[in-house]
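As the structure lists them, so they are numbered: ligands from 1, and atoms in each ligand from 1. Everything numeric in this text was worked out from a predicted model, so none of it was measured. Side chains included, hydrogens not; waters and symmetry mates left out as well; all remaining heavy atoms used.
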Amino acid sequence: MKTFLTLIIVCLFVDCFGNYCYWNTGCPYKYLSSDTPYNLVRGDIRDSVVKLKDCEPVSIWGIYKHGKRYPDEHTGKAMVDAISFRKDILSSYDKGRSSLCAQDMENLRNWQFDDKIFGDKRDVTDEGRNEMMFLGKRLREAFPDILNGINKSTSTFRSSKGMWLENSIKEFVRGLGNKNVVIDPPKTDYDYIAPYLNCEKTFESNPEVFVEINKYLNTSDYLVVKDRIHRRTGMDYVLTDDNVTALYNLCRYTWSGIDGKASPWCALFTKDDLQVLEYEGDLRTYYENGYGSRFNEIFGGMPLADLWSNFYRARNGGDKKMVGYVTHGRSLEQIYTALGLFKDVIPLSAGKRDPDRNWRSSVMSAFGGNFVAVLNKCTISNVEDHNIVFYMNEEPIRSICEDGVCSWQEFEYKLKPFVNTNFDFCQFI
Ligand SMILES: *[C@@H]1O[C@H](CO)[C@@H](O)[C@H](O)[C@H]1NC(C)=O
Ligand SMILES: *[C@@H]1O[C@H](CO)[C@@H](O)[C@H](O)[C@H]1NC(C)=O
Ligand SMILES: *[C@@H]1O[C@H](CO)[C@@H](O)[C@H](O)[C@H]1NC(C)=O
């Protein structure tokens, strides 16, 4: 009780005097849109696996976003330019024009430039490798019978094309710790794990995608962030939207999810600022990869058709016990859209940021984020039956069927229609 009171008093104090320090906030705001480290949002399949009486898991199908990657060339370059703001920020602090905290400024001063991050390596980072490897290892511990028994004919592993994707699946499979499996090479043409890549004009020719984002950058919700950065840092330079994005990327990409260390660059932002920037990311993904554009549910249906046919065959004695794909975050968001998950009654818009919205890219497409389905075979009074449990980031998805367990009939009703998905629409847009 006493600590609780102290906490209230501290909070009041912080509120009244605006004396917010990042280094000791205790719980820094960790939802960083699609660049969130997996460890900040994941569950643990070893604890959360749904064990059903008289049932045993017989097949696992999963699709995983690649682990944390290095920023692409354009993003990396803007971040390197933005590092030059550090000089202004520190000198403004030294002149007493800043309301940032001493320790935060010391941490920023001591922050080391690491040119590995900014060199457009098109690869996963060491942290990203760890994310994928330990994810594989936890799965092995949760489903030892399946994962110790598989070999190259009873499993399929493949990623989309790109070094960061190919290295992610290597690490994932390494974590599974089974030497008898192989990783197929990425497909060079159409692949249902990232079907939108074969219909690129859907996005290029879809200006709708940018309408809400551009509006949002002109709302008071967003403008307040810029204003607050100016006031708190005392910087003279008038920040552009690109500059804010670059500083935010410095905060996100130099945040370590492995040892849980936030970056000193994040000290430039208050929790409110980070929530606004998160929403900017959510608006973008909602219109690019989600309910904001009508093509996404079609694309999301394509990998789900593969899930359906794998489990259909497995149920009828087929031999695939484990299927794992590594792909882009966009595919995962399209899958959730096709399933009608995380849908908001009121579409996301520039005009209203709902703090309780369902669409959350921080969770849906964090680095290493994943959607996994497990087929169980049950024998109840000598009658054989199958059911399916869905997991997202190692937690059961309870909203999909009652208690998170779908009967075979429910699974069929939800997934079978995707088998008829095709690309015909692509040529008409
Ligand atoms: C700020 O953004 C503008 C473009 O919006 C860019 O030209 C400029 O280089 C950026 N400044 C820094 C220091 O990154
Ligand atoms: C893979 O395992 C299955 C059953 O577990 C077995 O029947 C098959 O012969 C194995 N195949 C290879 C290539 O080892
Ligand atoms: C931003 O808002 C201002 C004032 O409300 C308006 O004059 C301006 O045209 C808007 N700009 C854009 C790009 O919407």
Side-chain angles (χ1 to χ4, degrees), residues 56-61 71-93 98 100 108-109 111 113-115 117-120 139-140 143-158 173 176-184 210 213-219 222-223 225-254 263-269 273 276-277 280-281 284 310-311 313-324 374-377:
E56 54 160 345
V58 291
S59 189
I60 304 172
W61 184 100
D72 62 33
E73 185 180 4
H74 171 78
T75 309
K77 195 179 161 308
M79 286 160 72
V80 171
D81 290 345
I83 291 172
S84 67
F85 288 127
R86 175 160 67 166
K87 216 167 51 265
D88 299 359
I89 294 166
L90 293 172
S91 84
S92 156
Y93 175 77
S98 163
L100 295 171
L108 187 62
R109 209 182 291 272
W111 176 82
F113 178 81
D114 176 359
D115 61 355
I117 300 180
F118 305 100
D120 184 28
L139 278 169
R140 180 185 69 197
F143 301 102
D145 294 345
I146 293 188
L147 293 172
N148 291 330
I150 51 173
N151 59 35
K152 65 179 188 226
S153 54
T154 55
S155 62
T156 300
F157 296 101
R158 186 172 75 248
V173 168
L176 294 178
N178 180 317
K179 298 261 184 295
N180 303 320
V181 302
V182 292
I183 301 171
D184 296 333
F210 303 102
I213 273 285
N214 289 338
K215 269 199 230 161
Y216 189 59
L217 298 176
N218 204 22
T219 58
Y222 181 82
L223 295 174
V225 172
K226 266 200 218 170
D227 184 50
R228 198 156 36 215
I229 298 173
H230 282 132
R231 276 190 295 115
R232 292 177 68 237
T233 60
M235 245 197 277
D236 290 328
Y237 194 97
V238 178
L239 294 171
T240 65
D241 298 345
D242 292 337
N243 300 148
V244 174
T245 304
L247 289 169
Y248 182 42
N249 281 332
L250 278 170
C251 155
R252 296 196 286 184
Y253 279 97
T254 64
S263 158
W265 287 100
C266 297
L268 305 183
F269 304 97
D273 297 339
V276 167
L277 296 170
E280 185 190 342
R284 192 179 298 279
N310 266 291
F311 279 4
R313 283 194 300 262
R315 177 177 177 251
N316 295 313
D319 58 3
K320 287 289 179 219
K321 295 197 168 80
M322 172 85 186
V323 173
V374 176
L375 177 70
N376 292 295
K377 181 165 124 182

Worked check of ring-ring contact (aromatic ring centres under 6.0 Å, His included) between F118 and Y253: CA-CA 10 Å; F118 305 100; Y253 279 97; 8.8 Å; no
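Under the 3.5 Å distance criterion, with hydrogens and angles disregarded, no donor-acceptor pair is assigned to the side chains of D242 and T245.
In terms of the side-chain hydrogen bond (donor to acceptor under 3.5 Å, both in side chains) criterion, residue partners of S153 (sequence neighbours excluded) are, by chain and number, N151.
N249 contributes no side-chain N or O that, together with a main-chain N or O of A246, makes up a donor-acceptor pair within less than 3.5 Å. With S59 contributing its side chain and F311 its backbone, the two residues share no donor-acceptor pair below 3.5 Å. No donor-acceptor pair under 3.5 Å is formed between the side chain of D184 and the backbone N or O of R158.
The side chain to side chain contact (heavy atoms under 4.5 Å, CB included) test with Y222 singles out one residue from D273, D227, D241, and that residue is D241. With W61 as the partner, the side chain to side chain contact (heavy atoms under 4.5 Å, CB included) test is satisfied by one option alone out of V374, L375, V323: V323.
Interface of D242 with ligand 1, defined as ligand atoms under 4.0 Å from a residue heavy atom, comprises 4 (C), 5 (O). Contact atoms of ligand 1 toward D81: 13 (C), 14 (O) (distance under 4.0 Å to a heavy atom of the residue). Near T240, the atoms of ligand 1 lying under 4.0 angstrom from a non-hydrogen atom of the residue are 1 (C), 2 (O), 3 (C), 4 (C), 5 (O). Listed by atom number, the atoms of ligand 1 under 4.0 Å from S84 heavy atoms are 13 (C). Heavy-atom proximity to F85, at under 4.0 Å, picks out these atoms of ligand 1: 11 (N), 12 (C), 13 (C), 14 (O). Interface atoms of ligand 1 facing N243, defined by a heavy-atom separation under 4.0 Å, are 1 (C), 2 (O), 3 (C), 8 (C), 10 (C), 11 (N), 12 (C), 14 (O).
Protein residues with a heavy atom closer than 4.0 Å to ligand 2 are N151, S153, listed by chain and number.
At a 4.0 Å cut-off, at least one heavy atom of A82 sits close enough to ligand 1 to count as contact.
Ion pairing between a basic and an acidic side chain is recognised when a charged N comes within 4.0 Å of a carboxylate O; E73 and K77 show no such pairing.
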